[in-house]
There are 2 protein chains.
Amino acid sequence: MAVLWHCQEVTETRTVGAVRQGSLRELNLAVVLRRIASTTRPPSRAEIAADTGLTRATVSAVVDDLIAGRLVTEADPAPRTGAGRPARGLLLGGTGPAGLGLEVNVDYLAACVVDLTGAVRHHEVRRIDLRPLSPADALTGLVDLAGRARAAADDAGLTLAGAALAVPGLVDARGLVRLAPNLGWRDVDVPGLLAGHPALTDPVDGVPPLVVENEANLAALGELHARPGGPESFLHVSGEIGIGAGIVLDGALFRGSRGWSGELGHVPVDPGGPTCRCGARGCLETYAGQEAVLAAAGLAGADLPADTAARRLADLAGSGDPAALAALRAAGTALGVAVAGVVNLLDLDTVVLGGGYATLAQWLCPPVLAELDDRVLTSGWSPVTVRPAALGAESAAVGGAGSVVRRIIARPSGWLSRPQ
Amino acid sequence: MAVLWHCQEVTETRTVGAVRQGSLRELNLAVVLRRIASTTRPPSRAEIAADTGLTRATVSAVVDDLIAGRLVTEADPAPRTGAGRPARGLLLGGTGPAGLGLEVNVDYLAACVVDLTGAVRHHEVRRIDLRPLSPADALTGLVDLAGRARAAADDAGLTLAGAALAVPGLVDARGLVRLAPNLGWRDVDVPGLLAGHPALTDPVDGVPPLVVENEANLAALGELHARPGGPESFLHVSGEIGIGAGIVLDGALFRGSRGWSGELGHVPVDPGGPTCRCGARGCLETYAGQEAVLAAAGLAGADLPADTAARRLADLAGSGDPAALAALRAAGTALGVAVAGVVNLLDLDTVVLGGGYATLAQWLCPPVLAELDDRVLTSGWSPVTVRPAALGAESAAVGGAGSVVRRIIARPSGWLSRPQ
DNA sequence: GCCATTTAATTCAACCACTGAACAAATTGC
DNA sequence: GCAATTTGTTCAGTGGTTGAATTAAATGGC
C-alpha cells in the first residue's frame, strides 16, 4: 500500500569488477563468514540460511569450505535449546590466519598478533626513544619485535596472513612516509628498508604484504575492533604530540583520496590565533596539542612521552591544581570547536577521545560536550556522544592487526585460495 | 618479485546481501551498463568483454537484456575502423527510463527530466515566493510542474522511473522535512502531503517512489552530473541564504548517518565571532552568508532572492565598488578558513563553489585559495583546486533527476524486472 | 522405554548463468 | 576472388545454487 516510499538504498550492492562464475561462491563465502563474525552467539547453518536468504544446502557447502580453510570451527558443546536436533554452532577459527600489527612511534615500538576472533594473542611494547635513530635503525628494532611476534603466532598454531605498520605521519599509497614530523622522518621508503629483513618479507606460507598506514587511522580501527557491538561510524581523535583523527564510516576507515584524511590538528580554531609550526595561525594543535597544554599547565619544556605527559597532567588535575584544570578546560573547548565543525559536516553521532586524550577524558569531555551542544545544528534532535577510547597506546598496533583480519573476513577467498 | 607490496584494496568487492543464483546476471547487467555509461565513444560488445574480463558470449547475452529493456541501443552508423567485421557501438538508450527532478526553494519551484544519457529533456522554473504559502499549497504548485514534466517525458517516449525532490533543509530518512528555516517549514511530512496527488503517486507504469533530499546534496550531484570526466570526489559549497555543502566521495553522495551531513554554514570560523541565528557564535554563515555579505557591502535590508543578490553584488564588484570588494574578500577568507578545515580532514583536492557563490567565484576564489594554501597541510604536495559550479540554480533539480538515472545505471535489474 | 514430533543438516536431480571453442558474419587488403 | 581479421552468435560443458526428499539427533508424552 505504500505507494509513495522514501527509499535510501544507496550502495545496496556495489561491486566493481565483473562477476565471473566463481565469484558467486567467492561472494557467498564472504556473506556467510561475515554473518558468523557479526554475533557473539555462534549461529547454526540453518540460522545463517534464514538470515541471509541462501538455501541451507548452499550454506552447508559454503561452511564446509570455510571449515576446511580453518576460518571457522564448530562449537564443541551444543548450545542447548528446545526440541529438535540440536544446532551446531559455528564460530571463527582460533587457529587459522592472524594479523600482525606493528607500530613505530616517537618513544616506543610495538607488535601484536590478533586472531580471527579479534583476540590479542601476543603483544609486546618496547620503550625506546627513536628520535636519535635513523629510520633504518628504527626499523631494525621493529623487525626484531616482528620476528618474536611471528614465533609466538607459530607456537599458537596461527598463520600470519598480513601485516600493518602504524606510523605517526603522512603515508602515500606506496607505503612511502612522506612526513613524520615528530620522528623527524621525511620521504622514508619503509617497504624498501624492510625488504632486506626476511622476518617481514618471505617467511612461512607465502608472505604477507605489509600495509603502512597513519597511526591515527589505525588507532581508530582499534577502537572499532575493541567494541564489537559499538557504533560503526565515529570520529576517533588521537591526542599525542600532534593531533590526528581517524574517520570510521560504516565500519570502514575513510582515508581520503590520497590517504591523508584526518589532519584534525590543523583545522583552524581561531584564524587569528597563535602561529602553528605548520605555518598557519590558530590551528587546533596550538590550543590542544601536548606542548600547548603542558605549557598552559605550567609544565613547559618537559620533554615527555605522550602517555607520561598525559598521566602527569591527570595527576595534577586530579589533585585540583588550578593551572592544570584551566589548561584542560581551554584545550577541551578548542577541541570542541574543531570537532563541532566535523560533526556538522559529517553528521556523526559519536566522538572517541584516544591517545593521551583518553587519560584526560574526564576533564576534556565536559567542555567538548558544551561546545558541541552549542554548535552542532542537529544536537537538539540527537545528541552527540563523547567518550574515551577503549584501548590505550596499543590501539594502533591492535587496530592494524585487526584490519588484516577484517580484510580476510571481508574477502575470505583470498585466504582460501592461497598457495599451501 | 615484489615480495613486499603495499596494497590498499579497500572495498574491492562489497556486497551486502546474499548472492543468489540470479544475482550473477543482476550484477553483470550493472557491470556492463556501467561500462557503456562510462565513455563517450560507444563501445562494442567485444571491447566490453575485453575490459571487464567477461566472455564475449556473456556480454552478448547481457546486452540483449539491456536492449530489450530499452536501457541500451545500438549505434546506427558503424564507427569505422581497420580490418575485420565492423563493431556495433552500444550507447545508453534515449527512450527508456528517465529521472524526474524537483525542487522547492525560497523563491522558485523547478522540475526537470533527465534521460539515461544525462541529457536534460525538459526543464521548467517557476518564480514564486513560497514563504507566505503553506507547505501544502507550495507542494500543490510543485505537483503542477511535475505533471507537465511527466507529460513532456511521455511525449518524448520516456518513462519516469523515479523522482527526487530537493528541499533547502534537513530531511530525515522517511522524507520528513525536520527544519527548513528559510522556507519556515518544520516537521513537514512531504510524502504524506503529496500522497493525494496522483501525478506523483500512481501514474503510468507502476509509480516511482519519491526521494526527498537536502538541496545542497542534490546540487553537488548535479555538478558531478554536469562534468562527466571530472573528479569523483569533491566538496560542493552552495552559497544561498544559508550555506550548505554536499560531499561527493567516489561518485557517491556522502549523507552521514542520518542524512544531515554538509552543514558547512555552522562550522565555527571564529569561536568568539558574532552570534549566529543557530545560537552559536562565529559560524561561517555569520561571515559568508548572504545577509552578512550584503550588509558588509552596504546593501543591508535588501530582501532579495539568492541569485539576484549575487548578481547585484557581482555588478557592484565588477564596477570596482570598494565596499563590495572588501565584503567579498572577507567572505572568501572566512569561507577559506572553513573549507581548509574540511580539506585537512577529508583530504579532498577539489572544491566547487555553487549557488550564489558561482556567480561570485571570480572574487571569492583568490581569498579562498590563499587560506587553503596557508592552512592545508598537504597543499605543498598537491594543491587544491577551487572552481565555480558548472550549473546554476537548476543544479539541484538536475542533480536529483540525475541521481535517479544513476541509480538505474548502478542497478539496472530493478528497472528490467519492473511490472510492465 | 517407545514413538510421534521437531528441528538440523545432508544428499541429489534440476536448473541457471557463465565458459570456451567452434562457427558465422562482415569488412580490408592483395 | 581469396586470405586475413575482427565481431558477434551458437552450443555443449560446467560450477554453484535451488528445492525437495532424506537422514540425523534431540524432546516430550504416554
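Note that the structure is a prediction, hence the values are computed from the model and not measured. Every chain is numbered from 1, with letters handed out A, B, ... down the list of sequences.
- Not a single donor-acceptor contact under 3.5 angstrom links the side-chain atoms of B:Arg85 to the base of C:dA26.
- With sequence neighbours excluded, the residues satisfying side chain to side chain contact (heavy atoms under 4.5 Å, CB included) with B:Ala226 are B:Ala390, B:Leu391.
- Counting any heavy atom pair closer than 4.0 Å across all strands shown, B:Ser60 reaches a base atom.
- Rounded to the nearest 0.5 Å, atoms CG (B:Leu224) and CG (B:Leu218) are 12.0 Å apart.
- Between the C1' atom of C:dT11 and the CG atom of A:Asp64 lies a distance of 12 Å, rounded to the nearest Å.
- Put simply, CZ on B:Arg88 is 13 Å from C1' on D:dT9, counting in whole angstrom units.
- Within 4.0 Å of A:Ser44, counting heavy atoms only, lie sugar-phosphate atoms of the nucleic acid but no base atom.
- Atom-to-atom, CG of A:Asp65 to P of C:dT10 comes out at 13 Å; the value is rounded to the nearest Å.
- Applying the 4.0 Å criterion to OP1 and OP2 of C:dC18, one finds that B:Thr58 has every side-chain N and O outside that range.
- Contacts of B:Arg25 with the nucleic acid, taken as non-hydrogen atoms under 4.0 Å apart, involve only primed sugar atoms and P, OP1 or OP2.
- In this structure, B:Arg56 reaches the bases: a heavy-atom distance under 4.0 Å links it to at least one base atom across the strands shown.
- The separation between B:Glu47 atom CD and D:dG8 atom P is 10 Å, rounded to whole Å.
- With respect to A:Glu47 and A:Arg35, a salt bridge is recorded, a charged nitrogen being found less than 4.0 Å from a carboxylate O.
- B:Arg45 places its CZ atom 13 Å from the C1' atom of C:dA25, with the value rounded to the nearest Å.
- Nucleic acid contact class of B:Ala57 (heavy atoms, under 4.0 Å, all strands): base.
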